[in-house]
Structure formats: C-alpha cells, structure tokens
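Letters go in sequence order (proteins before strands), and every chain restarts at 1.
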Amino acid sequence: MSSSLEIRNLRVAVAGKEIVQGITLTIRAGEKHALMGPNGSGKSTLSNALMGHPAYTILSGEILLNGEDIAKMPADERSRKGLFLAFQYPVAIPGVSVANFLRSAVKARVPKNVKDGDSEAMRGFRKTLKAAMDELSIDPAFATRYLNDGFSGGEKKRIEILQMAILKPSIAILDETDSGLDIDALRVVSDGINRVCGPETGVLLITHYQRLLNYVKPDFVHVLIHGRIVRSGGPELALELEAGGYESFGLAPDRAAGG
Amino acid sequence: MSVAADGSWLEDLRQLAWEWYHDAPEPSRSVHLWRYTDPAIFRIPEQIIDATPRPGLIAPEGPIPTGIEVLDLVEAAMSRPELVRDRLGAAVRPVAGKLEALNFARFQHGLVVHAPAGVVAATPLTLVSKLGGPRFNASRILVIADEDSDLTIVRSYGAGDRKGEIQANGVIEVFAGARAHVRLIVIQDLQPEARLHLAQRTVADRDARVETIVASLGGAVMKADIGTVLAGKGAESESWGVVVGDGAQHFDHHTVHTHTAGHTRSRFNYKTVLKGHARSVYTGSIRIEKDAANCEAYQENRNLMLEETAHADSIPELEILNNEVQCTHGATMGPIEPEYLFYLESRGIPHDDAVRLFVDGFVTPAFNRVPPAVEASLRGHLAGRMERL
C-alpha cells in the first residue's frame with residue numbers, strides 16, 4: 001500500500017483554546033501539498049498536533065497514517081510509523097552529538113531482540129550518515145557537534161533535512177522550513193528537500209510566504225485562515241496569494257499584514 | 001613537634017589523632033558543614049573500628065604507569081620520611097573534623113603515589129576499592145606530583161561482595177608541584193547500603209594545573225568535602241561533579257576553592273540528576289585571600305529533577321577579600337523542558353531513552369576532557385547507573 005496521511009475533521013486546542021477548527025486534508029506518497037496561512041492561522045498548531053506534542057489536545061477528528069489512526073499515539077510511535085516533522089525552531093541539546101542523536105533514532109527502529117551487530121541499519125550507520133551528509137553538502141564535522149548547539153538558522157534547517165534523509169519518513173511535514181533563511185540557505189535547504197522527498201514520500205509544506213514554493217514545487221496549495229482551510233487549488237493559488245495577500249481570502253486587513 | 005627519625009613519628013601522630021577523635025564531640029548540626037546531613041549517620045560503635053592493616057583495600061588495577069611510584073603509606077613513612085612527613089595530614093588535617101581524625105588514626109590501607117619531577121605518565125593509574133569485608137573501611141591516598149610531572153589517577157569505589165551497611169571513610173591529599181598537571185577522577189559506585197565520607201584536598205603550586213572529577217552514583221549516603229588550594233601564582237583548577245541519585249539516596253557535596261596566590265583560576269561545574277526521593281545538597285565555597293589579586297573563579301551547579309519528589313539545594317558561598325578579581329556563580333534547578341523531550345521523541349526515540357540521552361548530554365561536558373580510557377570507564381558506570389534509574 002502506498003503511503004498516505006488523512007486528516008479528517010481535525011479540531012485541536014492549546015491551553016483550552018480551539019485553534020484548529022476542523023481540517024480535512026489527504027496527502028499521498030509523491031504529492032507535495034503547501035499549506036499557507038498568516039500568523040495565528042493555526043499552522044504550527046496543526047503540525048505539532050499531527051506529530052503528537054503533549055501540549056496540544058485533539059478535540060475531535062482523526063489522523064490516519066497509512067490507514068491507521070495515530071491520534072492517540074505518543075510522538076515516538078508516530079515517528080517510527082513513518083511520520084516526520086521538520087521543526088520551525090529546532091531546539092539545541094548540548095552534550096548530545098548529531099551522530100549520537102541520529103544513532104539513537106535509528107536504533108529505536110531496530111526490533112528490541114535484534115543486537116546492534118546483527119542490524120544492518122546499525123552496522124551501516126556511520127556510512128549512511130556520511131553519505132547523507134555528503135549528499136546534502138554538510139561538513140562532516142557536524143556529526144560530532146552538539147545537536148543544534150550554536151548552529152546558525154540555515155545549519156539547523158539543514159540538519160532537520162539530514163534527519164529526514166536518515167529516517168526516510170513516508171510523510172514529511174515541514175513547518176516554516178524557509179523561515180530565517182537567506183536566499184542561499186533557502187536554495188540549499190530546498191535542494192535538500194527535493195533530493196530527500198521522492199515519489200515514496202508525501203510532503204506537507206507549511207509556510208507563510210510563497211518564496212519556498214519557487215524551489216519546492218507543490219502539486220496542491222491550501223489556504224488556512226482562522227484554523228480552517230478556506231481554499232484549495234493548484235500551484236496557481238500560491239501566486240494568487242502572493243499578488244493579493246491573505247486579505248483577498250477574507251482575512252481582516254490588520255491580521256493579513258502578518259509579521 | 002619533634003619527630004623520631006624512624007616510622008614511629010607516624011604511630012605517635014596516629015595515637016594523638018585517636019585521642020583527639022575519641023574526645024572530640026560529635027559534629028553539631030549547627031556547624032556549617034553538617035547542616036544538611038545528620039552526623040549520626042556516620043556514627044560508628046568503637047568496637048567495630050578495626051585498624052588491622054588491609055593491604056588489598058586499595059588495589060591498583062592494570063599496570064602502574066612507567067616512572068610512577070606507588071608505595072604503602074606506613075612503609076613510606078619509615079623508608080621515605082622526606083617525601084611523606086611534611087605532607088601527610090597537611091592538606092586534609094586530622095583535626096579538621098572527627099571523621100578526618102578517625103581516618104588518620106585508623107586507616108587500614110594507605111598509598112603514596114609519587115610522580116617524580118618531569119615524569120609524564122603515559123597511562124592513567126587506577127586505584128580500586130571494592131568494599132566488601134568488614135563494616136568499617138578507611139583508606140588514605142597521598143599523591144605527590146613533583147614539578148613538571150603529569151599524572152592521571154582514577155580512584156574508584158566499587159561494590160564488593162558484602163551486603164548490608166558499610167561505613168567507608170576516605171581521604172585523598174594531592175600536592176601538585178610547580179607546572180605539574182594532575183587529573184583526579186573519583187568514581188563512587190558503591191552498593192546501595194554503603195555510606196561514604198570523603199575528604200579531598202589538592203594543593204596547587206605555581207602554574208600547576210589540577211582537574212578533578214567526582215562521579216557520585218551509588219551508596220545510600222555520600223558526604224564529600226572536596227577542595228583545592230591555589231597556592232602558587234598561575235595555578236589553575238577545574239572541577240567537575242556528576243551526581244545521579246534516586247530512591248532515598250542522600251548526597252551532600254561541599255567544595256571549597258581557596259585562592260591564596262594571585263593570578264590563579266578556578267572553574268567549577270557540578271551536575272546533579274535526581275529521581276524518586278533522592279536528595280542532593282551542594283554548598284560551594286570560593287575564598288579569595290586579600291593578597292590574591294587578578295584571580296578568576298567560576299562556579300556552576302545545575303540540578304535536573306526527573307521527578308518532583310526529589311529535592312536539591314544549591315548554596316554558593318563567596319568570600320572575596322580582594323577587589324581585583326572576577327568571580328561568577330550560577331545555579332539552576334528544574335525538570336527537563338518538555339520541548340527537549342518532544343524533539344527527541346519526535347524522531348522515534350522512546351520516552352525513557354530520550355530521558356537517558358538528554359541526561360547523558362547534560363553530564364557529558366564533565367566527561368570529555370579526560371583520557372579516552374577514563375572517559376569510557378566513567379560512561380560505563382553512568383550507563384549502569386542510568387539503567388537502574
């Protein structure tokens with residue numbers, strides 16, 4: 001069965017306030033969906049809820065990953081089932097190296113009764129990591145650096161893409177991966193996304209601006225306002241947004257300005 | 001005091017120390033050092049105090065590094081008085097406290113570790129006590145690193161075959177000569193019922209560099225008084241501590257860095273990880289003497305509380321008598337931020353493994369500046385400890 005993420009009538013609350021107010025969206029392997037919305041529209045709430053952040057309460061609806069409802073699973077289980085979230089603001093974890101972190105993530109996917117030495121993924125880990133870093137033009141020295149500790153915005157985003165390359169998710173959610181990147185970094189990161197997300201991967205690009213979509217071409221564009229998808233269409237919708245702003249989608253002018 | 005030329009000078013002093021111990025009142029809880037730990041925990045019936053020599057109590061593990069002398073302390077008092085006499089009891093004085101006096105009077109095994117001038121030990125010296133045997137265990141180590149020497153010592157307290165309550169009393173004195181470089185790593189991984197009182201002092205001479213680590217993992221109660229005297233211009237001290245506790249474990253670490261010479265630096269960093277009803281108290285004193293100008297002292301204590309039932313205190317004590325100094329200190333206390341765990345878990349790492357990975361990262365800076373073999377040993381003990389959390 002090919003991969004899919006089906007979001008059905010999803011409503012999510014944070015600190016008692018309903019932010020995502022009924023979203024229905026299906027992402028299939030090989031498809032790239034862009035979800036665009038102004039600040040406060042619920043973009044990050046949706047991505048955190050999909051990944052299983054404990055502070056986000058699912059009020060109703062379903063999240064089906066490859067047909068299985070994952071809405072009640074903890075984040076680690078969702079990840080092992082093939083879901084990936086590239087964070088808008090990846091946290092720094094001093095003392096834990098990029099390699100050690102990724103080794104733990106790969107090891108978590110090896111059945112408990114299989115020893116490291118008998119697992120191909122574990123035995124080949126160093127090689128896989130090296131190859132993925134080469135592929136994404138990441139300096140090998142980053143393997144021994146502490147995770148995101150003192151990394152620039154662009155470096156953090158590249159490391160997110162590196163994690164995606166190693167973990168090979170079936171569905172990848174990229175939360176404002178373009179934020180904080182200058183044009184060169186944006187090009188490098190976009191290139192990484194295009195390399196890593198092939199026909200086996202379904203992608204949800206969450207973004208405020210259209211500029212990422214110049215590099216990662218979406219098949220579908222959805223506009224999110226006040227926790228609801230108000231329009232869905234093809235790539236042309238992003239251009240329409242670029243020209244008219246969120247105001248043309250019914251958002252009050254003071255909110256549409258964003259920031 | 002005049003002393004005899006043979007080894008009887010030591011016997012005489014040990015007898016004096018015993019009398020002092022015998023007559024001294026029990027430490028009062030109103031006394032600063034005993035405010036957080038009940039002295040009764042270390043009270044020992046005199047009939048179980050057995051000073052019969054136990055030559056295997058401190059056992060070197062692996063080969064002794066080339067050029068380094070390891071001598072029995074009592075024998076060295078006779079054969080090498082010039083080495084021992086002025087130093088033994090000079091850094092940890094017998095009259096510093098009742099337990100220090102007891103150690104001096106009744107240590108069952110003592111070693112002198114001597115790095116002669118210019119000797120650079122290529123490998124670490126590992127000294128292990130596996131505390132089984134009698135209930136009362138007292139050991140003493142005197143380290144003398146002459147000028148321009150370089151030495152790494154691992155002092156390991158491990159669980160022996162004896163179950164039940166063990167009272168361990170340890171003293172470590174280190175003299176780092178001019179430009180000497182000494183690393184001292186203490187690993188405490190005792191059986192759950194054991195109680196350890198450790199007194200450790202290092203005296204750093206001109207341009208000496210001293211790095212100490214204490215990893216306090218096991219035992220029921222550990223009280224440690226660890227200090228460095230920066231006695232020579234340009235001396236540097238770096239101290240790391242790692243405490244991991246759960247259940248009803250009680251840790252009381254006191255550190256004291258005394259800058260008696262100018263242009264000296266001390267850096268100090270203790271990391272505590274607690275769960276269950278474990279308790280940790282850290283009191284850290286920095287004293288900069290009046291004549292010690294241009295000193296730098298830095299102190300940091302971070303406490304990670306894995307459960308709300310655990311309890312930690314962190315109390316800095318600064319006594320700065322000179323104005324030309326840089327001195328900073330900081331303490332933090334709290335759980336692992338949920339955002340860190342969510343990030344790790346979002347990559348498929350199960351919750352408990354994510355906690356272990358985070359804790360491993362939390363204490364890692366203390367471990368990655370020692371020789372690889374020592375780091376591996378520290379990590380092995382820590383991993384074993386984390387498995388039991």
Check each atom of [X] against the heavy atoms of chain B and say whether the ones under 4.5 Å are side chain, backbone, both or neither.
X        : value
A:Pro169 : neither
A:Ile166 : neither
A:Ala92  : backbone

Considering only heavy atoms from C-beta outward, does the side chain of [X] approach that of [Y] to under 4.5 Å?
X        : Y        : result
B:Leu127 : B:Ile153 : yes
A:Leu50  : A:Leu204 : yes
A:Leu129 : A:Leu162 : yes

Just how far is it from atom CG of A:Leu83 to atom CE of A:Met73, taken to the nearest 0.5 Å? 10.5 Å
Tell me every residue that passes side-chain contact (heavy atoms from CB on, under 4.5 Å) with A:Pro111, counting only those two or more places apart in sequence or in another chain. A:Asn113, A:Val114
Tell me, please, which residues at least two apart from A:Thr26 pass side-chain contact (heavy atoms from CB on, under 4.5 Å).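 So A:Thr26 forms a side-chain contact (heavy atoms from CB on, under 4.5 Å) with A:Glu6, A:Arg28.
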Which atom pairs, one donor and one acceptor, sit under 3.5 Å between chain A and chain B?
from	atom 1	to	atom 2	distance (Å)
A:His53	NE2	B:Glu339	OE1	3.4
A:His53	NE2	B:Glu339	OE2	2.9
A:Asp76	N	B:Glu345	O	3.3
A:Ser79	OG	B:Ser346	O	3.2
A:Ser79	OG	B:Arg347	O	3.4
A:Ser79	OG	B:Gly348	N	3.0
A:Arg80	NH1	B:Gly348	O	2.9
A:Leu85	O	B:Arg347	NH1	2.6
A:Leu85	O	B:Arg347	NH2	3.0
A:Arg109	NH1	B:Arg347	O	2.8
A:Tyr146	OH	B:Asn368	ND2	2.8
A:Asn148	ND2	B:Tyr343	OH	3.3
A:Glu160	OE1	B:Arg347	NH2	2.7
A:Glu160	OE2	B:Tyr343	OH	2.3
A:Gln163	OE1	B:Arg347	NE	2.5
A:Gln163	OE1	B:Arg347	NH2	3.3
A:Gln163	NE2	B:Tyr343	OH	3.0

What do the steps show when you test B:Val359 against B:Leu357 for side chain to side chain contact (heavy atoms under 4.5 Å, CB included), and what is the final call? CA-CA 5 Å; B:Val359 169; B:Leu357 189 62; over 6 Å; no
Interface moiety of B:Leu344 toward chain A, non-hydrogen atoms closer than 4.5 Å: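 Its backbone and side chain both get close to chain A.
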Applying ring-ring contact (aromatic ring centres under 6.0 Å, His included), can you list everything that pairs with A:Phe125, at least two apart in sequence or on another chain?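 ring-ring contact (aromatic ring centres under 6.0 Å, His included) check on A:Phe125 returns nothing, list empty.
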Largest heavy-atom contact set with chain A, pairs under 4.5 Å, which of B:Gly348, B:Pro338, B:Gly361: B:Gly348
